[in-house]
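Some notes on the structure that comes next.
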Amino acid sequence: MSKKTKTLRPKARRPKGFEDRFGALASAENALIAAAAGVYHSHGFDPLSTSALEYADCLGKFLPDDDRPNEGVFAFTDDDDQWMALRYDLTAPLARFVAENFDPLPKPLRRFAVGPVWRNEKPGPGRFREFIQIDADTVGAPGAAADAEMIMLAADVMDAAGLARGEYVIRINNRKLLDAILGGIGVPQTNEGAIQRMRVLRAIDKLDRLGPEAVARLLGEGRKDDSGDYTKGAGLDAKGIEAVLAFTQAGAGDLNGTLRTLEPLMGRSEIGAQGLGELRAIADLLQAAGYEDGRTVIDPSIVRGLGYYTGPVFEADLRLETLNEKGEPVRFGSAGGGGRYDDLIARFRGQPVPATGFSFGVSRFAAALHALGRLGNAERGPVVILALEGDQMAQYFAMATELRNAGIRAEVYMGGSGMKAQMKYADKRGAPAVVIVGEDERTQGQVTVKNLILGQQMSGQIKDNKEWREGRPAQVTGARSTLTAMVADTLN
RNA sequence: GCCGCCUUAGCUCAGUUGGUUAGAGCGCCGGUUUGUGGAACCGGAGGUCCUUGGUUCGAGACCAAGAGGCGGUACCA
C-alpha cells in the first residue's frame, strides 16, 4: 500500500437544465401552483394526475428506426422492448387518458393537472429540461365559448400570480387565418405543403426576436445568422412573403379594429372566414366579460410552436423587461399558452373530439420573477427553541408544541453545537425569535424570548462590543406559563 | 448540432513583457465574549490556477486538443 491512497469520490453535480430550487424560488413555485390550481378549481375543473412515463407512441411520436424515438424527449426501452418516454407536456397524456376512458367520463370533461414535464433541449434562461406546468383543459366542447373561457382563465391566472394590469398581455390568433393566407398564395395541401407550412410557422414565431427583415428571409430562400449558420427558408416567393408579413402585422390596438384590418386580407377563403368568425365570437365574449381592458389583444403574429393546434391559439406574455446579472435584457419566452387541438384525441379514436386548453409555465414564470427581483426574501424562518441542556429535550418539544398549537411556526434546535452556534443558526434561518431556556430560566420557572429582528436593528447603533454583549438587547424574560403570549407579542 | 466568448479560493475577481513562496474583497471557521446571532478588532482554514499534451532552463500566463460554463443560432412534436 502506498502512503496516500486516493479515495475515489463521485463529484456532486447536477445535469444541465435540471434545476434545484430552494428557499424563495421553491416557495414561489409552490405559491404559483396553489394560485393557479385555485383559479382552475374555482372554475369547476377537477384535478387529474397521470404518470411521468408514457408509451412513446401515445405521446404522439412515431417509433424510430434506430435508437431513439426523438431528440426532443427522454426515452428508453422497457423490458419488453417497448419505447417509453417522459411526458413533454400535460396535453398529450390528457389525450391518452380521455381516449382510454372515454365512455364513462362526463363530456365536456374539465380537468386540471400539475407536474413536471421533461424536454431534451438546450437549456437557457427560463428554459429547463425539467419544468413544472399547470394546465386546464376542456374536452368535448366545440364552441368558441370554450376558447374564450380558456383565455379568460389565462388572464385570471396571471392576476392570481400577482401581476398587475399592464404587466402581461394575452395575445390571441387563429391558425385558420394563416391557413387561409397560405392557401391564397398557393401553398399546396400536400406533404410538401405541410413542411412549408411548418417552416412558415417557425419563421413567424421568430418575429419578435429577429424582426421582419430576418423573418422575410426565412420565409423566402433562407437566412444566414450572425454566427454564420444557415437556416433553410420556407421558399415563398416575394408576393407570398409580403402577404404573410402583412398578415402578421395586421394587429391594431383593440379587438374590433384588428378584426376589421384582418377581414380584407382573408379574401374569399372559406377557412379564413371561419377563423375570423371564431375570433369575432371570442372577442365578443371577452368584451362582454370585461377582459378587453388591455389584458387581451388579437395579434396575428402569434402562432405557437406546437403543431397540434387547429384553431384559436393564444399566448400569455410578460410585458416587463428582465435583465440578467450583467444588465443585458433576457428573453424568457411566453409564460403560458394554449389553444384548440381538435385532432389530438381523434388520433386514438378515429372520431373527432374537440378540445381546448391553457398551460401555465410555472418554472419559467418563477424564474422570470426571480430575474425581476420580485421574489423578495426567503420565507421567514421558524421560531427556534435553543437546546441548551441535553436532558431537557422533552421540555423543549413541549414548548414547540405549545407554539404550534397557537399557530406559530416553531422548531427545537437539532444540532449538536453550543449556544453561540445555535444563535448563528437561528440568524441564518431568518428566525424572528429564539426561545432561551437554560439552567437559570429552568430553575426559576421562566423563559427568555429574544427578538432577533429587533436585536439586529439595535446592533446598528451599539458601538461597544461589551455594551451589546452584556446589555442582552431585545429580549424579555417571564414566567414559563406565559411562553406563547410572550412569543406572540414578540412577533407583532 | 453550428458559431463566438469565457474557465485562478465557497462567491466576485486581480495577477506586470513567461521568472522561483499565486493575491484581494466578500463569505466561512476561531478568538476578544467557556449563556447570546447581527457591528468592530485580531487570527485561521481553504487552490490539481478546468484537463491532457506541447513549446521553454522555467508556464497561472504561450500553442493544440478535450471538458465545462455563458451567449447567439438551430431544433422545440
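Nothing here was measured: the structure is a model prediction, and the numbers come from that model. Hydrogens, waters and symmetry mates play no part in the numbers below; they use all other heavy atoms, side chains included. Proteins get letters first, then strands, A, B, ... in listed order; numbering begins at 1 in each.
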Could you please name the option among [options] that lies closest to any side-chain atom of [X]?
X: A/Lys424; options: B/A77, B/G37, B/G35; value: B/G37
X: A/Gln456; options: B/G37, B/G69, B/A77; value: B/G37
X: A/Arg119; options: B/C28, B/C70, B/A77; value: B/A77

If the [atom1] atom of [N] is compared with that of [M], how far apart are they to the nearest Å?
N: B/G10; M: B/C49; atom1: P; result: 12 Å
N: B/C28; M: B/G23; atom1: P; result: 23 Å
N: B/C63; M: B/U55; atom1: P; result: 15 Å
N: B/A22; M: B/C50; atom1: P; result: 15 Å
N: B/U7; M: B/U12; atom1: C1'; result: 14 Å
N: B/A24; M: B/U8; atom1: C1'; result: 13 Å
N: B/C6; M: B/C62; atom1: P; result: 11 Å
N: B/U20; M: B/U32; atom1: P; result: 39 Å

- Item | Pairs where residues 424-438 of chain A contributes a residue and the test side chain to side chain donor-acceptor pair (under 3.5 Å) is met, not counting sequence neighbours | A/Glu411-A/Tyr425, A/Glu411-A/Arg429, A/Tyr425-A/Arg429

- Item | side chain to side chain donor-acceptor pair (under 3.5 Å) partners of residues 431-455 of chain A, not counting sequence neighbours, each pair once | A/Glu389-A/Arg442, A/Glu441-A/Thr448, A/Thr448-A/Thr477

[N] [atom2] sits how many Å from [X] [atom1], rounded?
X: A/Arg223; N: B/C75; atom1: CZ; atom2: C1'; value: 15 Å
X: A/Leu218; N: B/U73; atom1: CG; atom2: C1'; value: 11 Å
X: A/Lys450; N: B/G37; atom1: NZ; atom2: P; value: 7 Å
X: A/Met423; N: B/U36; atom1: CE; atom2: C1'; value: 5 Å
X: A/Arg199; N: B/A74; atom1: CZ; atom2: P; value: 13 Å
X: A/Arg442; N: B/G35; atom1: CZ; atom2: P; value: 15 Å
X: A/Tyr309; N: B/A77; atom1: OH; atom2: P; value: 9 Å
X: A/Tyr230; N: B/C3; atom1: OH; atom2: P; value: 18 Å

- Message: Closest-nucleotide mapping onto RNA chain B: is A/Thr448 or A/Leu454 further toward the 5' terminus? I mean the 5' end.
- Response: A/Thr448

- Message: Holding to salt bridge (Lys or Arg N to Asp or Glu O under 4.0 Å), I want the full list of residues that pass it with A/Arg319, two or more places apart in sequence or in another chain.
- Response: none

- Message: Using the salt bridge (Lys or Arg N to Asp or Glu O under 4.0 Å) criterion, which residues pair with A/Asp391? Sequence neighbours excluded.
- Response: none

- Quick one, which residues of residues 124-140 of chain A touch RNA chain B with a heavy atom under 4.0 Å? A/Pro125, A/Arg127

- Message: Please list, in numerical order, the residues of residues 205-215 of chain A that have a heavy atom closer than 4.0 Å to any atom of RNA chain B.
- Response: A/Lys206, A/Arg209, A/Leu210

- Message: Can you tell me if A/Lys224 touches the phosphate of B/C3, counting only side-chain N or O atoms and a distance under 4.0 Å to OP1 or OP2?
- Response: no

- Message: Working to the nearest 0.5 angstrom, can you tell me the gap between A/Glu29 CD and A/His370 NE2?
- Response: 11.5 Å

- Query: If you round to the nearest 0.5 Å, how far is CG of A/Leu48 from CG of A/Leu109?
  - Reply: 7.5 Å

Answer with base, sugar-phosphate or nothing: what part of the nucleic acid does [X] contact at a heavy-atom distance below 4.0 Å?
X: A/Ile436; answer: base
X: A/Tyr308; answer: sugar-phosphate
X: A/Asp440; answer: base

- Does a side chain donor of either A/Asp343 or A/Thr310 reach within less than 3.5 Å of an acceptor in the other side chain? no

Does a distance-only test, which skips hydrogens and angles, find a donor-acceptor pair under 3.5 Å between the side chain of [X] and the base of [N]?
X: A/Glu389; N: B/G35; value: no
X: A/Lys122; N: B/G72; value: yes
X: A/Lys420; N: B/U36; value: no
X: A/Gln422; N: B/U36; value: no

- Task: Keeping to residues at least two apart or across chains, list the salt bridge (Lys or Arg N to Asp or Glu O under 4.0 Å) pairs with something in residues 125-135 of chain A.
- Result: A/Glu121-A/Arg127

- Message: Can you tell whether the side chains of A/Arg119 and A/Asp89 come within less than 4.0 Å, N to carboxylate O?
- Response: no

- Ion pair A/Glu402/A/Arg480, N-O distance below 4.0 Å: yes

- Task: Sequence neighbours left out, what pairs pass ring-ring contact (aromatic ring centres under 6.0 Å, His included) with at least one residue falling in residues 187-222 of chain A?
- Result: none

- Could you pull out all residues at least two apart from A/Phe18 that satisfy ring pair (Phe, Tyr, Trp, His ring centres under 6.0 Å)? A/Phe74

- Partners of A/Tyr341 by ring pair (Phe, Tyr, Trp, His ring centres under 6.0 Å), sequence neighbours excluded? A/Tyr308

Give every donor-acceptor pair under 3.5 Å between a side-chain atom in residues 200-223 of chain A and any protein atom, sequence neighbours left out.
none

- Parsed dot-bracket for RNA chain B after applying the Watson-Crick and G-U rules with both distances under 3.5 Å and | for other-strand partners is (((((((..((((.....[...)))).(((((.......))))).....(((((..]....))))))))))))....

